[in-house]
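Notes follow once the structure below has been shown.
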Amino acid sequence: VFALIVFACLVGDGYISLPEDSHLFCVFNHNEDACRYGIGIGVLAFLACIFFFMVDAYFPQISNTTDRKYLVLADLGFSGLWTFLWFIGFCFLTNQWSWTRAEEVYIQADSARAAITFSFFSIFSWGLLLTFAY
């Protein structure tokens, strides 16, 4: 859910344009990489959650212990990697937001703060998933 919120905030209000210019730019200090990173890890995290949810639902019917082991290790590795990537994303978005001039963002500031907040919450939720997989 947190990944979906980060993704939705950045897609919905992550890009703005000035009244005199129709060119869209990222709300995070005009850094397109900040918006792309947040959207990228948000989409991939959401898709991975759906995949691992389906694996968990199908898990009792897998009789091969080697396949079970590889699925659990994949869940463990992916959760660890995504915990780290959410931490990097939180730091990156926060840094870029601190350099953003307040007069350039109006309504989009709430969405930017929500993306930062929920990327912070995602660190702990993916860390919890990592603990459960372990």
Side-chain angles (χ1 to χ4, degrees):
V1 173
F2 295 155
L4 188 61
I5 293 171
V6 171
F7 164 71
C9 286
L10 292 177
V11 168
D13 284 334
Y15 293 93
I16 58 174
S17 65
L18 297 174
E20 63 273 357
D21 187 16
S22 64
H23 181 264
L24 290 175
F25 58 88
C26 182
V27 71
F28 291 98
N29 195 28
H30 296 226
N31 189 345
E32 300 295 323
D33 293 333
C35 286
R36 285 188 208 125
Y37 186 85
I39 291 169
I41 62 172
V43 168
L44 291 176
F46 182 70
L47 294 174
C49 284
I50 292 171
F51 171 75
F52 284 117
F53 180 73
M54 301 208 18
V55 165
D56 287 344
Y58 185 66
F59 196 78
Q61 296 157 346
I62 301 172
S63 60
N64 190 352
T65 57
T66 306
D67 291 342
R68 283 179 166 224
K69 179 178 110 175
Y70 288 136
L71 286 172
V72 169
L73 287 175
D75 190 10
L76 181 70
F78 189 84
S79 297
L81 175 66
W82 237 248
T83 302
F84 177 71
L85 290 178
W86 277 116
F87 175 73
I88 296 296
F90 168 72
C91 293
F92 186 37
L93 292 177
T94 304
N95 180 290
Q96 291 303 306
W97 183 248
S98 70
W99 288 101
T100 303
R101 292 191 309 242
E103 61 271 2
E104 291 181 353
V105 290
Y106 303 105
I107 299 170
Q108 294 83 3
D110 291 336
S111 290
R113 286 188 207 107
I116 292 170
T117 302
F118 283 100
S119 65
F120 179 73
F121 293 155
S122 294
I123 298 168
F124 297 106
S125 65
W126 280 95
L128 190 62
L129 289 172
L130 175 68
T131 305
F132 288 155
Y134 181 73

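For Trp126 and Phe78, the ring centers are positioned less than 6.0 Å apart.
No single ILVMFWY cluster, assembled from side-chain heavy atoms under 4.5 Å apart, contains both Phe132 and Val1. Residues Trp99 and Tyr15 are members of separate hydrophobic clusters, defined by side-chain heavy-atom contacts under 4.5 angstrom among Ile, Leu, Val, Met, Phe, Trp and Tyr. One hydrophobic cluster, built from ILVMFWY side chains closer than 4.5 Å, cannot hold both Phe53 and Phe51; they sit in different ones. A continuous path of hydrophobic side-chain contacts links Leu4 to Ile39 [ILVMFWY only; heavy atoms under 4.5 Å]. Hydrophobic cluster membership differs between Phe59 and Tyr134, with clusters built from Ile, Leu, Val, Met, Phe, Trp and Tyr side chains linked at under 4.5 angstrom.
In this structure a side-chain-to-backbone donor-acceptor pair under 3.5 Å is missing from Ser111 to Gln108. The main-chain N or O of Thr66 is found under 3.5 Å from a side-chain atom of Asn64 such that the two form a donor-acceptor pair. Judged by distance alone, the side chain of Ser17 and the main-chain N or O of Leu24 form no donor-acceptor pair under 3.5 Å. No donor-acceptor distance shorter than 3.5 angstrom exists from the side chain of Thr94 to the backbone of Cys91, with no hydrogens or angles considered. When atom types are taken as modelled, the side chain of Tyr37 and the backbone of Ile88 share no donor-acceptor pair closer than 3.5 angstrom. Using modelled atom types, no side-chain atom of Arg68 and backbone atom of Ser63 make a donor-acceptor pair closer than 3.5 Å.
Counting non-hydrogen atoms of other residues, nucleotides and ligands closer than 6.0 Å to CZ of Phe46 gives a total of 12 or fewer. Annotation: Phe87, atom CZ; neighbour count of heavy atoms from other residues, nucleotides and ligands within 6.0 Å does not exceed 12.
Using bins of under 30°, 30° to 60° and over 60° for the plane-to-plane angle, the ring pair Phe120/Phe124 lands in the perpendicular bin. Between Phe28 and Trp97, the two ring planes are perpendicular [angle over 60°; tilted spans 30° to 60°]. Using cut-offs of 30° and 60° for the angle between ring planes, the Phe25 and His30 rings count as parallel.
When all heavy atoms are compared, the tightest approach of Trp82 to Ala45 is NE1-CB, 3.2 Å. Taking every heavy atom of both residues into account, Ala115 and Cys9 meet most closely at CB-CB, 4.2 Å. Across all non-hydrogen atoms, the minimal contact from Gln96 to Thr100 is O-OG1, 2.8 Å. Between Ala3 and Trp86, the shortest heavy-atom contact is CB-CZ2, 3.9 Å. Between Asp67 and Ile62 the shortest heavy-atom distance is CB-CG2, 3.9 Å. Pairing each heavy atom of Leu76 with each of Leu130, the nearest pair is O-CD1, 3.3 Å.
Screening Asp75, Leu71, Val72 against Val55 for a side chain to side chain contact (heavy atoms under 4.5 Å, CB included) leaves a single residue, Leu71.
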